[in-house]
Amino acid sequence: QGQLEESGGGLVQPGGSLRLSCVVSGFTLDYYGIGWFRQAPGKEREGVGCISSVDGRTRYAESVKGRFTISGDNAKNTVYLQMDTLNADDTAVYYCTTVVDGTLGCDYALGSLHGYWGQGTQVTVSS
């Protein structure tokens, strides 16, 4: 059974940056796309973006496009979420999980492919 562990969250001022990590075990990134999701207090979990295992293509939600960057290191079985120009609306618990992936790229719209979720990492943007 696959496992995912997120880390790197914390408190950051508006306009600041954070890099989150998602370490996977029990499966390899060579064959699975990984998506990042977040859940703010009182809101439903939403997709942030994903990275394809096929060719590394990424896809992002409009709310983070141009500010967030997803990358992967298959040798370390780790996917990163670089978050820049953070604002209060980015405050949430961030999760990673496997997502639908193929020659057309990854797709986080359908949620988790296998239902494996980590414990999440809290990101708080506040002055």
Side-chain angles (χ1 to χ4, degrees):
Q1 183 173 346
Q3 291 186 322
L4 304 98
E5 183 173 357
E6 306 91 344
S7 64
L11 174 65
V12 62
Q13 292 186 341
S17 298
L18 276 177
R19 189 177 80 157
L20 306 183
S21 298
C22 170
V23 179
V24 307
S25 58
F27 63 95
T28 173
L29 292 178
D30 291 337
Y31 302 111
Y32 295 98
I34 297 295
W36 282 96
F37 294 74
R38 66 186 183 185
Q39 187 167 19
K43 295 186 177 180
E44 292 188 355
R45 185 149 47 191
E46 64 173 356
V48 173
C50 59
I51 184 167
S52 173
S53 64
V54 176
D55 55 9
R57 275 185 292 169
T58 53
R59 187 168 288 179
Y60 300 95
E62 285 298 320
S63 59
V64 306
K65 197 174 291 185
R67 301 188 298 120
F68 289 12
T69 304
I70 299 173
S71 61
D73 185 338
N74 287 16
K76 295 182 178 180
N77 250 14
T78 301
V79 173
Y80 303 99
L81 176 65
Q82 175 68 42
M83 305 186 296
D84 299 316
T85 321
L86 287 161
N87 59 62
D89 290 338
D90 298 316
T91 295
V93 178
Y94 284 72
Y95 303 88
C96 59
T97 187
T98 54
V99 295
V100 171
D101 192 19
T103 54
L104 296 179
C106 60
D107 188 352
Y108 56 83
L110 297 177
S112 177
L113 178 62
H114 296 103
Y116 300 152
W117 295 94
Q119 81 288 349
T121 186
Q122 175 71 49
V123 172
T124 303
V125 184
S126 176
S127 55

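For this chain, numbers begin at 1 and follow the sequence in order.
- A heavy-atom distance below 4.5 Å is found between the side chains of L86 and L18.
- Contact record, S17 with D84: OG-OD1, 2.7 Å, taken as the closest heavy-atom pair.
- Here the CD-CD distance, from Q122 to E6, works out to 12.0 Å after rounding to the nearest 0.5 Å.
- Here N77 contributes atom CG and E5 contributes atom CD; the two are 13.0 Å apart, rounded to the nearest 0.5 Å.
- A donor-acceptor contact under 3.5 angstrom links the side chains of Y94 and R38, judged on distance only.
- Between L110 and V99 there is no side-chain heavy-atom pair separated by less than 4.5 Å.
- The shortest non-hydrogen separation linking L104 to R59 is O-NH2, 3.4 Å.
- The shortest non-hydrogen separation linking Y32 to T98 is CB-CG2, 4.1 Å.
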Working for side chain to side chain contact (heavy atoms under 4.5 Å, CB included), residues T69 and Y80: CA-CA 8 Å; T69 304; Y80 303 99; over 6 Å; no
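- Proximity of a side-chain donor or acceptor of T124 to a complementary backbone N or O of T91 within less than 3.5 Å is not detected.
- Looking only at side-chain heavy atoms (C-beta outward), D90 and R67 come within less than 4.5 Å of each other.
- Closest non-hydrogen pair, I70 versus C50, comes out as CD1-N, 3.3 Å.
- Other residues, nucleotides and ligands contribute more than 12 heavy atoms inside 6.0 Å of the CD atom of E46.
- For the pair L4/F27, a side-chain contact is recorded, criterion being any heavy-atom separation below 4.5 Å from C-beta on.
- Contact between I51 and V79 at its shortest, heavy atoms only, is CG2-CG1, 4.1 Å.
- Between F37 and W117, the angle of the ring planes goes over 60°, which puts this pair in the perpendicular group of the 30/60° scheme.
- The structure places CG of L113 at 12.0 Å from SG of C106, a figure rounded to the nearest 0.5 Å.
- Of the candidates D101, D30, N74, T28, S53 forms a side chain to side chain donor-acceptor pair (under 3.5 Å) with just one, namely D101.
- Put simply, the side chain of V123 reaches to within 4.5 Å of the side chain of V125, judged on heavy atoms.
- Ring centroid separation for the pair Y108 and W36 does not come in under the 6.0 Å cut-off.
- Note on Y116 and V23: separate hydrophobic clusters, where clusters join Ile, Leu, Val, Met, Phe, Trp and Tyr whose side-chain heavy atoms are under 4.5 Å apart, directly or indirectly.
- Nearest heavy atoms, Q119 versus V93: O-CG1, 4.4 Å.
- The structure places CG of L20 at 12.5 Å from OH of Y95, a figure rounded to the nearest 0.5 Å.
- Residues L29 and V24 form a side-chain contact, since some pair of their non-hydrogen atoms from C-beta on lies under 4.5 Å apart.
- In this structure, T121 contributes its side chain and S7 its backbone to no donor-acceptor pair below 3.5 Å.
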